[in-house]
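Reminder, nothing fancy here: chain letters follow the sequence lines and each chain counts from 1.
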Protein chains: 2
Amino acid sequence: MVIVGAGFAGLAAARLIARLPVQVTVIDRKNHHTFQPLLYQVATAGLSPGEIAAPIRWILRGHRNIEVLLEEVVDFKLEQKQVTTREGTLDYDFLVIASGATHAYFGHPEWEPLAPGLKTIEDALEIRRRVLLAFELAERQTADAQSVSPLQFVVVGGGPTGVELAGMLAEIARHALNHEFRNIDPKQTRILLLEGGRRVLGSYSEELSGKTADQLRHLGVEVHTSSIVTRIEPGAVWVGDERIPAPVVLWAAGVAASPLGRKLGVAVDRAGRVLVEPDLSIPGRREVFVIGDLASLNDENGKMLPGVAQVAIQQGDWVAETIARDLEHQPRRNFVYHDKGSLATIGRAAAVAQFGKFELSGYFAWLAWLFVHIFFLIGFRNRLLVMIQWAWSYLTYERGARLITGSDELPGWNLPKSQVQAEEDPASEPATPRIQRRA
Amino acid sequence: MVIVGAGFAGLAAARLIARLPVQVTVIDRKNHHTFQPLLYQVATAGLSPGEIAAPIRWILRGHRNIEVLLEEVVDFKLEQKQVTTREGTLDYDFLVIASGATHAYFGHPEWEPLAPGLKTIEDALEIRRRVLLAFELAERQTADAQSVSPLQFVVVGGGPTGVELAGMLAEIARHALNHEFRNIDPKQTRILLLEGGRRVLGSYSEELSGKTADQLRHLGVEVHTSSIVTRIEPGAVWVGDERIPAPVVLWAAGVAASPLGRKLGVAVDRAGRVLVEPDLSIPGRREVFVIGDLASLNDENGKMLPGVAQVAIQQGDWVAETIARDLEHQPRRNFVYHDKGSLATIGRAAAVAQFGKFELSGYFAWLAWLFVHIFFLIGFRNRLLVMIQWAWSYLTYERGARLITGSDELPGWNLPKSQVQAEEDPASEPATPRIQRRA
């Protein structure tokens, strides 16, 4: 059988299915499983990629009946029970599709290069590059009238990811960069969080949303709700007809399911999620399952299950159990989601938690968040390293992984006169007074 | 005053000069200082970039009279005592140029994309990507007649870097990937080290060279001396008229000094190194110093000082002292290099060391190497993390940072039929028997 995607859902399924007398092929476009809940820490230079991601074949190395392929699935031939990859095709008896979701730009794909989202390690490194580079360029160019001063960062989307990013950006500006710059004051950096809806963390209770907004403001984040972004251009964001200049814009708003969902010829919702049967299979094909962020299923109250790791893992386990029951010719049962509660971190030592009726916010919620996330991190070595990193940055406010790799260009960073001249004639006279003055 | 480059030489100079009553501007193209001696560990997935590099402005944050600029120096106007950057110009009273060296391809720049060298974090990640990707592609395509089997990696150059890379590649193939692949056996990987000269580690004694070669062979590396690479093409290396197929070719052979050396209008050697005065200034300009890999100076025996960290650091210190003496109107003195010995690591727990007459090889040399390198690593946090990583991979043979980021294309990887077909027609019938056979 074939499992497409090694995120939380795919891995959970693979690990249990491996116990059954079947040959399993796990296909993923990346060689590594990424622990997405901590991706924002890589983006904000708190952790290194190697600490929140692990090679898929290393994770599954112990299961001799599992084969891992670094390959991209492009289509399905459900009649022939075949998966089409860029390389060829694979036959399956059971197929589990867990190719997840990516960010959506509400019909504005042209916004993507201007406002990167946060789904992969590469995304995280690109965001890190832009954030750190903005400070470097500002330091270099403060004296120049044309440079953006003070710095403004905009985070679009007030869900968990947007809140985490805004909180960490505030911490970097307030603390991590202390005493490192001579021409700018990072503390002056404005961080704007734009949420289109009425409140941040809309999936949480009114009260926790309010507390989250308060804690964000306490960290220095300007929270703007009911603010729908109408336009993004290099170096600026528009809300209605208000232009907000910002060298760095981060996207944490829309989510779109993997395009593979639309290749199945069954009904999908507006985000491209596959409307699955109660047993997580697709209509008319008992041997094909869709799980994780790519699946759309409502709970007993008719509320759609959220796109979180918990749901993905429980669905992965469920599919494994279902296949086991099929092999034993037992009847299938419907998937039931057991909500263990939700946690979102806000900043250095603040978070909100909701366990059914029980709510928690502030320091203890943060400790709970810390514990849960380190506990579920893959690999003991990673847990150890991440704990050290955390203890370190908690005590020193330092962010250990502040490396800018790749290009040193920033889209929409308005070049000061001096550079424009320099480009025309490298040997031209200096144009930035600050630099000219230096002896 | 201005310091160009924040490698070992530039940082050493900056730290001491900061104690003088002067304003210092440190310029570097990167925002981080890279601990180059451990770069091969990033390339071979043993360490993460954040563990061997640190932001320059973080390293120097304590010195209020030092300003750090992320900028690229393109030229000098020595008459006007100005440095020309891409942005404008800076005035200086003293100028210290420590822009280092990069790899040279012996007049074959077209080889660079085919055989990456190892000088920056980006280089290391590119090498890691190619090495890991080669195994992934082989696993995916073994069944196909056209695929390279067994895998062959070629390292060009038998200096310290080449020896380190070859040794670690052998360890990865023999141990780190154990039990992870189903279609290929990484142990079958051939690792060839091609050295143009008579022996590897030519700067060490005959005896240590011999021991190094033996230890490399013991690790499974095929050491070929007096083997000059005459041609590199996608997927293969030529030695004379022998064609060696290799999906991954790594370059550890030539070194070329930074092009800035040639902008000074003074004599340079064949590698572009500036022939400096005994006080490390350049002929005719007492206020301009060139240090580190960019400088060419002979020791008392007329032997050129090697391009190693030790020389760079001692020269940086020396320049600081010289400037201090100038400020106190004391006569200058000539730089004298104190050789503290050299160390090169070979593999998991083997190394060679030469301290004057005293020589050491094997496990204890490796311990010495480990101690020295962790000790000189920048930042306590990094030392701690690197020690843990090392202890971990020493005990488990695991390489913690085995992530492939970026493209999944490998230049010169010969595409098997199946993929060629798939590209013409994604829905074409399967062509790789192995995949077709699977159920």
Side-chain angles (χ1 to χ4, degrees), chain A residues 23 25 29-32 48-51 53 55 57-58 61-62 67 69-71 74-75 84-91 93 121-122 125 132 136 139-140 179-183 381 384-385 388 392 398 400-406 408 418-419 422 426-427 429-432 435-436 438-439, chain B residues 23 25 29-32 48-51 53 55 57-58 61-62 67 69-71 74-75 84-91 93 121-122 125 132 136 139-140 179-183 381 384-385 388 392 398 400-406 408 418-419 422 426-427 429-432 435-436 438-439:
Chain A
Q23 280 294 322
T25 301
R29 282 185 305 177
K30 302 276 176 199
N31 85 316
H32 52 273
S48 293
E51 290 157 359
R57 60 175 72 258
W58 173 82
R61 68 193 180 286
E67 168 191 54
L69 294 181
L70 177 75
E71 236 181 293
V74 292
D75 202 354
T84 308
T85 70
R86 265 168 45 195
E87 293 272 302
T89 66
L90 279 81
D91 298 340
D93 41 15
I121 293 284
E122 285 87 350
L125 293 176
L132 297 176
E136 294 292 336
E139 171 79 350
R140 191 161 85 189
H179 312 307
E180 292 191 16
F181 291 84
R182 303 292 177 252
N183 305 316
R381 176 184 140 284
L384 187 65
L385 294 173
I388 289 171
W392 188 261
E398 276 170 20
R402 275 171 35 211
L403 310 185
I404 300 176
T405 48
D408 62 354
S418 59
Q419 179 165 346
E429 279 315 294
T432 52
I435 288 182
Q436 216 168 5
R438 159 140 344 80
Chain B
Q23 279 293 322
T25 302
R29 284 185 304 177
K30 302 277 177 199
N31 85 315
H32 52 274
S48 293
E51 289 157 359
R57 61 174 71 259
W58 173 82
R61 67 193 181 288
E67 168 191 54
L69 295 180
L70 177 75
E71 235 180 293
V74 292
D75 202 353
T84 308
T85 71
R86 266 169 43 196
E87 292 272 302
T89 67
L90 280 81
D91 298 339
D93 41 15
I121 293 284
E122 285 87 349
L125 293 176
L132 297 176
E136 294 293 336
E139 171 79 350
R140 194 161 82 187
H179 312 307
E180 293 192 15
F181 291 85
R182 303 292 178 252
N183 305 315
R381 177 185 139 283
L384 187 64
L385 293 173
I388 289 169
W392 189 262
E398 276 170 20
R402 275 171 33 212
L403 310 184
I404 300 175
T405 49
D408 61 355
S418 59
Q419 180 164 348
E429 278 315 293
T432 52
I435 288 180
Q436 218 169 1
R438 158 141 343 84

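- With chain B as the partner, the residue from A/Gly50, A/Ala53, A/Pro55, A/Ser48 showing the most heavy-atom pairs under 4.5 Å is A/Pro55.
- Take A/Trp392 and apply the ring-ring contact (aromatic ring centres under 6.0 Å, His included) test, not counting sequence neighbours, and it matches B/Phe380.
- The closest donor-acceptor contact from the side chain of B/Glu139 to the backbone of A/Leu69 lies at 3.5 Å or more, if one exists at all.
- The parts of A/Arg57 that come within reach of chain B are both its backbone and its side chain, each placing non-hydrogen atoms under 4.5 angstrom from that chain.
- Of the residues considered (B/Ile121, B/Leu125, B/Leu385), B/Leu385 shows the highest number of contacts with chain A, using heavy-atom pairs under 4.5 Å.
- Ranked by heavy-atom pairs under 4.5 Å with chain A, the list B/Arg61, B/Glu180, B/Lys30 is led by B/Glu180.
- The candidate with the highest count of non-hydrogen atom pairs below 4.5 Å against chain B, out of A/His179, A/Glu51, A/Arg381, A/Arg29, is A/Arg381.
- Side chain of B/Asn183 to backbone of A/Glu67: no donor-acceptor contact under 3.5 angstrom is found.
- Here A/Phe181 contributes atom CZ and A/Glu136 contributes atom CD; the two are 5.0 Å apart, rounded to the nearest 0.5 Å.
- Among the candidates A/Ile388, A/Leu132, A/Leu70, A/Leu384, the residue making the largest number of heavy-atom pairs closer than 4.5 Å to chain B is A/Leu70.
- Side chain of B/Glu122 to main chain of A/Thr405: no donor-acceptor pair is present (N/O by atom type, distance under 3.5 Å, no hydrogens or angles).
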